Each structure stands twice: as C-alpha cells, then as structure tokens.
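Heads up: the structure comes next, in structure tokens.
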Amino acid sequence: MNYDLVMKLALERGFYFPSCEVYGDAKAGFWEYGPSGVSIKNKFLQLWRRELVRRDRMLEIDGSQIMSSSVFEASGHLSSFADPIVKCKKCGATFRADRLISETCQVEIPESAALEEFDKVITEKKLLCTKCQGEFDAAKKFNMMFQVGIGPEAEPAYLRPETCQSIFVDFPRLYKTMRGKLPLGIAQVGKSFRNEIAPRQSLLRLREFYQAEIEVFCNPSKLNEMERFSEVQDTTIRILIDDKIQAMTCKEAVDSNTVPNKLVAYYLGLLSEFYEKTGIDMSKSRFRKLGDKEKAFYADVAFDFEVETTIGWLELVACNYRSDYDLTSHAKKSNEKFEVMDGEEKTLPHVFELSMGIDRSLYTILEHSLKVDKEHERTVLSVKPYLAPIHVGVLSLVKKDGLAEITDEIYLKIKTKVDAFLDHSGAIGRRYRRLDELGAPFAITVDHQTKEDDTITIRRRDSMEQSRIKISELETILSKEISFP
RNA sequence: GCAGUCAUAGUAUAGCCUGGUUAGUAUUCGGGGUUUCCAACCCUGUGACGCGGGUUCGAAUCCCGCUGACUGCACCA
C-alpha cells in the first residue's frame with residue numbers, strides 16, 4: 001500500500017490530520033490524532049508496555065516536557081544540537097557554514113567550532129553566495145530546540161528534544177527509592193519537540209512528536225553477564241551487513257561479534273519480538289549499524305531499526321549505546337552523585353537506549369496493514385485484532401421488526417468491555433465496508449433468526465466469513481479473539 | 001531554507017487561459033423508502049473556491065504577499 005492511500009484513509013477515517021487546519025497560518029510539522037488514531041496508539045503503547053516494560057520489569061516515569069537550561073547544557077544539546085549557518089545578504093539563501101567552507105575551499109572546521117572561526121575563513125577566502133554571488137551575513141547558530149520563557153521575566157528553558165533527559169536526571173532518586181538493581185530499564189512515553197527546518201510527510205517528520213524511550217542502565221564490565229539473554233537467544237534478528245540483510249539468532253549475532261555483547265543483543269531481540277507482534281512485515285525490516293559520521297554525538301555504538309515502506313527505509317527506533325556520556329555530564333554539571341553499588345562494586349552505569357518513534361511506527365503499521373481487495377471492491381485495514389481502533393461492529397440487519405432494539409441491548413452489554421461501534425443505518429454491505437476500513441476485526445449482526453433462537457452472525461474482517469453464535473457466547477469469544485498475545 | 005509544481009465540499013475532480021446567472025460532476029455523509037447479509041436502487045437534505053491585500057462596476061478566475069502540500073537539493077541531533 002502506498003503513502004497517498006494511507007493519507008487518504010487517515011483523513012477520511014479519523015486516524016490523523018493537520019493541526020489547526022481551519023487557520024491559514026497553521027505551521028507545518030504539527031498533526032493531530034483523531035479518534036481512530038488515538039485508539040490504535042493507545043493499544044500500540046499497551047503492547048509496548050506488555051512486551052518491553054513489564055516483561056523486563058522496567059520502571060516507567062512521566063517527566064516534564066519543559067526542562068531547565070542546565071539540563072541541556074549538560075546534555076550537550078545547547079552546543080551540539082545546533083548547526084552553524086550563514087545567510088546570503090542578497091538572495092537570502094542559507095547554507096550550513098561548515099559544509100559551505102569544506103566544499104568551496106577544502107578547509108575543515110568542526111561544526112561545533114566558535115562562530116568567529118567560520119566568519120574568519122569566509123572573510124579570508126572571500127567566499128560568496130554560490131547562487132547569486134552575494135555577500136554573507138555573520139554566521140549564526142540554528143538550534144533545533146524550542147526555547148520557552150518561564151514566568152514574567154521569561155527566563156529561558158526548553159521543550160525537551162528527546163524524552164530521555166528526564167530519565168537521566170531522575171536516575172539517582174529512582175535507583176534509591178525503587179530499590180534498583182543493574183541492569184535496570186527506565187521507560188518513558190511522551191512528546192518531544194524539535195524545530196525541524198523542513199518537516200515533511202505528515203507523521204514521518206514532525207516538530208512535535210511522540211517517543212517511547214527506554215534507557216537501560218548497566219554495569220559496563222558485565223555486558224555479557226545477562227541471565228535473561230537465554231529468553232531471546234533463539235530469536236531471529238535481521239542485521240544489515242555489507243549491504244546485505246542477514247537473518248540470525250541473537251546467539252549467533254553475539255558469537256559472530258556482529259552485535260558487541262549479550263546486553264545489546266538481548267534488547268535487539270526483545271525489540272524484534274515486539275515489532276513482530278505489531279503486525280509490521282518483519283521481512284521488510286533490518287537493524288542497520290551506523291557509521292561514525294551518522295551516529296548521534298553521544299553514541300558509541302548505534303543500530304537503527306528500519307522498516308521498508310513505499311517511501312523508502314524508515315528509521316523507527318534508534319538503539320544507541322550512550323556509555324556514561326549522560327550520567328557523567330549530569331554529575332559534573334549538577335554536583336550530584338550518579339554512581340551506584342552493583343553488588344560489591346561501585347560503578348557509574350553505562351546506558352543503552354531504545355528510542356522509539358511512535359508516530360512513524362503507527363504509520364508503518366497502517367501502511368503494512370492496508371490492503372485493497374479488488375475482488376470484493378473494498379479497502380481493508382488488516383491490523384492485529386488487539387490493535388484495532390474498533391474491535392467489533394454491532395449491527396442490525398434492518399432497523400424494523402424489533403431488531404434494532406435487540407442490537408441496542410447487545411451493544412449496551414459489551415460497550416464498556418470492548419471498543420464496539422453501533423450502526424443501524426443503510427445497507428448492511430456498506431456498513432461492513434466501513435468497518436473494514438477502520439480495521440474492525442469482527443462485526444456481529446442481529447437478524448430475524450435472532451428473535452427465534454438468540455443467535456447472531458459474526459463476520460470476520462479478513463475472510464468475510466460468517467458463522468452463527470449464541471448471544472450469550474459473544475463476550476467470551478470476543479475477549480479471547482482480541483486479547484493481547 | 002532554496003527551486004519547481006500545486007491549493008475548489010469528508011474524498012476525488014470540472015470551471016481559471018478568455019473575469020459576469022444559484023460554482024458543475026462523482027462519491028461520501030444525514031433523513032425517508034425499498035431490499036433482507038456484503039458499497040444495489042428510489043426520494044430528499046447538508047456540504048467547498050487556503051489566508052490577506054490589490055486591480056475592477058464585478059474576482060474561484062488577473063496581480064502581489066503569506067501559509068500549506070508534493071517533488072528535488074540541503075537538513076534529520
């Protein structure tokens with residue numbers, strides 16, 4: 001299925017749509033989830049909690065979205081999360097200063113250098129705009145963080161550009177009060193904010209977006225002492241090696257040194273098992289080991305979990321081994337102690353993170369699940385039943401002869417237990433089609449026979465098959481069919 | 001941020017070049033009928049010119065600015 005059809009479905013069926021769309025000054029990069037989108041997002045997160053947070057006994061927190069300047073001084077975002085740019089005075093074109101200089105006069109200046117360094121070279125080498133030969137203005141830093149003003153004096157603070165910073169600064173308290181033991185996973189779901197230069201393609205590149213992040217704190221000398229590894233040692237992970245995707249078990253990945261240690265392999269395994277259950281086509285997925293130039297400024301080793309879609313390979317999860325970068329920086333800046341006891345050993349934990357993009361994951365689930373069934377002239381969202389925005393459609397074959405009343409009764413009985421949708425209007429086939437597009441795995445229909453023997457038909461979304469069941473069996477059947485794996 | 005293309009009901013589109021009736025069509029959606037298990041049919045109703053300015057007696061239509069979408073470049077910590 002392709003991007004345009006997913007977009008159309010999203011707009012027509014309430015999955016997602018542009019923010020503030022009735023106003024002409026609405027800015028790009030902001031989208032909202034409609035009812036169907038929220039429903040599938042909640043279920044996706046429930047699956048994430050089951051498969052990762054609970055399974056690994058992680059601690060989940062919910063931190064502030066606005067964080068103090070000190071946090072980002074320590075994290076490096078104030079200096080490193082910014083690009084040096086120069087603007088042409090004449091035509092207004094902007095360029096990355098470091099790239100412009102290295103491309104035009106082969107002088108390498110690190111992007112984190114002081115702004116005067118860029119100005120100096122531009123003046124010395126008499127660099128002019130490559131488009132119009134105009135002169136450049138002084139170099140500036142474009143920081144991708146949104147600054148906010150706190151209180152009447154508008155003292156600067158920032159919207160977090162990644163959720164994980166609260167996990168790092170909360171770590172000492174959590175470790176003490178929650179009786180932590182390494183390795184310890186701390187998880188968080190929430191919004192992050194980045195002032196992207198060119199947001200594009202709806203949910204795939206947003207200025208305000210959801211992340212589900214997991215920071216695993218571990219003892220760097222015990223990365224291969226991972227008891228739980230046995231749970232995933234036979235789980236298959238797909239890794240890109242020399243431009244070829246190779247499927248191997250987690251054990252093989254460690255033994256062949258493809259993945260550096262058991263801890264990292266364990267979490268890549270968990271992540272694969274999780275995504276398998278979202279219904280994403282895993283044969284179109286890979287872990288890609290990042291080269292030195294691609295890695296984030298804090299990462300030692302990095303694997304991106306990527307999935308192939310009709311608009312190319314999409315990064316859904318960044319798996320970064322951040323070493324002690326964050327805890328050391330925060331310890332220094334805050335003068336707090338971040339070392340903990342691991343058995344007899346005092347250690348400053350290292351961090352391995354799984355930073356998941358929720359919006360992109362949801363898009364991919366939609367794209368991989370959406371099918372056009374030409375034979376029956378219908379569009380079907382074949383999502384896993386436990387992720388479906390609506391679990392069951394509750395329909396009357398016709399409104400009259402008392403059928404609507406029986407249908408209402410059934411709906412009343414189940415509506416607080418499952419996501420049910422009541423519909424009496426129009427032709428039955430049309431109602432089935434609508435439910436197919438919403439991804440409802442089941443529809444039940446009350447007909448004339450119902451009045452005689454208290455049975456209803458239950459229709460399955462993917463096969464369109466129908467069978468008769470007793471009304472009294474409905475709840476049991478539904479709860480079994482839509483339960484999480 | 002740059003360049004090109006584009007912007008009309010929920011969705012997809014016609015009309016714009018050559019300014020002038022009530023902005024047309026398909027589908028969706030609401031109500032009613034018919035049918036009585038897969039988008040059928042009949043009646044009926046709701047619904048749109050992205051925003052702001054200019055030209056003009058008159059602007060969906062011509063001009064300017066802004067915003068957004070798409071594609072390419074750059075960017076993606």
Side-chain angles (χ1 to χ4, degrees), chain A residues 3-5 7-14 17-31 34 72 75-83 85-88 91-96 98-100 103 111-112 129-132 142-145 161-162 192 194-202 204-207 209 290 294-299 302 304 311 314-315 318 320 355 357 360 373 375-379 393 395-401 403 424-437 443-449 456-459 461 464-466 468:
Chain A
Y3 176 83
D4 290 337
L5 283 165
M7 193 67 236
K8 190 172 176 235
L9 179 83
L11 292 171
E12 283 186 336
R13 297 289 172 210
F17 44 84
S19 252
C20 315
E21 60 178 336
V22 299
Y23 285 107
D25 64 348
K27 293 292 184 268
F30 301 93
W31 289 70
F72 302 111
S75 73
H77 283 90
L78 272 172
S79 54
S80 303
F81 194 52
D83 293 333
I85 52 168
V86 283
K87 192 166 183 174
C88 168
C91 73
T94 40
F95 301 88
R96 278 270 306 249
D98 55 327
R99 287 179 187 246
L100 179 86
E103 279 163 25
E111 61 169 73
S112 53
C129 175
T130 52
K131 287 192 175 154
C132 73
F142 173 70
N143 195 293
M144 301 241 296
M145 284 194 293
E162 51 180 10
S192 291
R194 296 178 191 178
N195 200 357
E196 296 282 353
I197 297 171
R200 215 169 264 197
Q201 286 166 319
S202 58
L204 306 183
R205 188 99 167 267
L206 294 158
R207 289 188 165 126
F209 59 101
L290 267 54
E294 286 180 289
K295 286 186 304 196
F297 60 84
Y298 46 67
D304 276 357
I311 46 172
L314 261 189
E315 176 195 337
N320 295 307
S355 173
R360 289 176 170 195
D373 177 356
E375 190 192 341
H376 300 102
E377 287 182 69
R378 59 180 194 144
T379 305
L395 317 176
S396 49
L397 186 60
V398 290
K399 263 181 273 191
K400 54 189 182 184
D401 302 333
L403 299 190
H424 292 305
S425 72
I428 190 77
R430 180 177 295 275
R431 282 177 276 164
Y432 286 147
R433 293 298 183 281
R434 267 198 295 252
L435 289 164
D436 288 341
E437 284 189 22
I444 57 133
T445 304
V446 170
D447 57 17
H448 289 96
Q449 195 182 326
I456 48 180
T457 62
I458 183 162
R459 170 191 184 265
R461 174 194 66 201
M464 296 173 75
E465 278 169 4
Q466 285 180 304
R468 282 206 92 80

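Everything numeric in this text was worked out from a predicted model, so none of it was measured. Computed over heavy atoms, backbone and side chain alike; hydrogens, waters and symmetry mates excluded. In what follows, chains are A, B, ... by sequence order, proteins preceding strands, each numbered from 1.
- Judged by atom type and distance alone, A/Arg200 reaches the base of B/G72 through a side-chain donor-acceptor pair under 3.5 Å.
- Nucleotide B/C17 forms no Watson-Crick or G-U wobble pair with any nucleotide shown, as no partner meets the under 3.5 Å limit on both distances.
- Counting atom types as modelled, A/Tyr23 pairs no side-chain N or O with a base atom of B/C51 as donor and acceptor under 3.5 Å.
- Applying the 3.5 Å distance criterion, the base of B/U36 shares no donor-acceptor pair with the side chain of A/Lys399.
- Side-chain atoms of A/Arg207 come within 3.5 Å of backbone atoms of A/Glu196 as a donor-acceptor pair (strictly under, hydrogens ignored).
- A/Arg431 has its CZ atom 12 Å from the P atom of B/C29, to the nearest Å.
- At a cut-off of 3.5 angstrom, counting only N and O atoms as typed in the model, there is no donor on one side facing an acceptor on the other between the side-chain of A/Glu21 and the base of B/A69.
- When heavy atoms are screened at a 4.0 angstrom cut-off, A/Phe17 is found touching no nucleic acid atom at all.
- Residue A/Gln449 is out of contact with every strand shown, counting any heavy-atom pair closer than 4.0 Å.
- As judged by a 4.0 angstrom heavy-atom cut-off over every strand, A/Met144 is placed among residues making no nucleic acid contact.
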Give the intermediate values and the outcome of side-chain contact (heavy atoms from CB on, under 4.5 Å) for residues A/Ser355 and A/Glu315.
CA-CA 10 Å; A/Ser355 173; A/Glu315 176 195 337; over 6 Å; no

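- A donor-acceptor contact under 3.5 angstrom links the side-chain atoms of A/Gln466 to the base of B/C37.
- Under the Watson-Crick and G-U wobble criteria, each requiring two contacts below 3.5 Å, nucleotide B/C51 is paired to B/G65.
- Each of B/C38, B/U11, B/C29 was ranked by its minimum atom distance to the side chain of A/Arg459; first place goes to B/C38.
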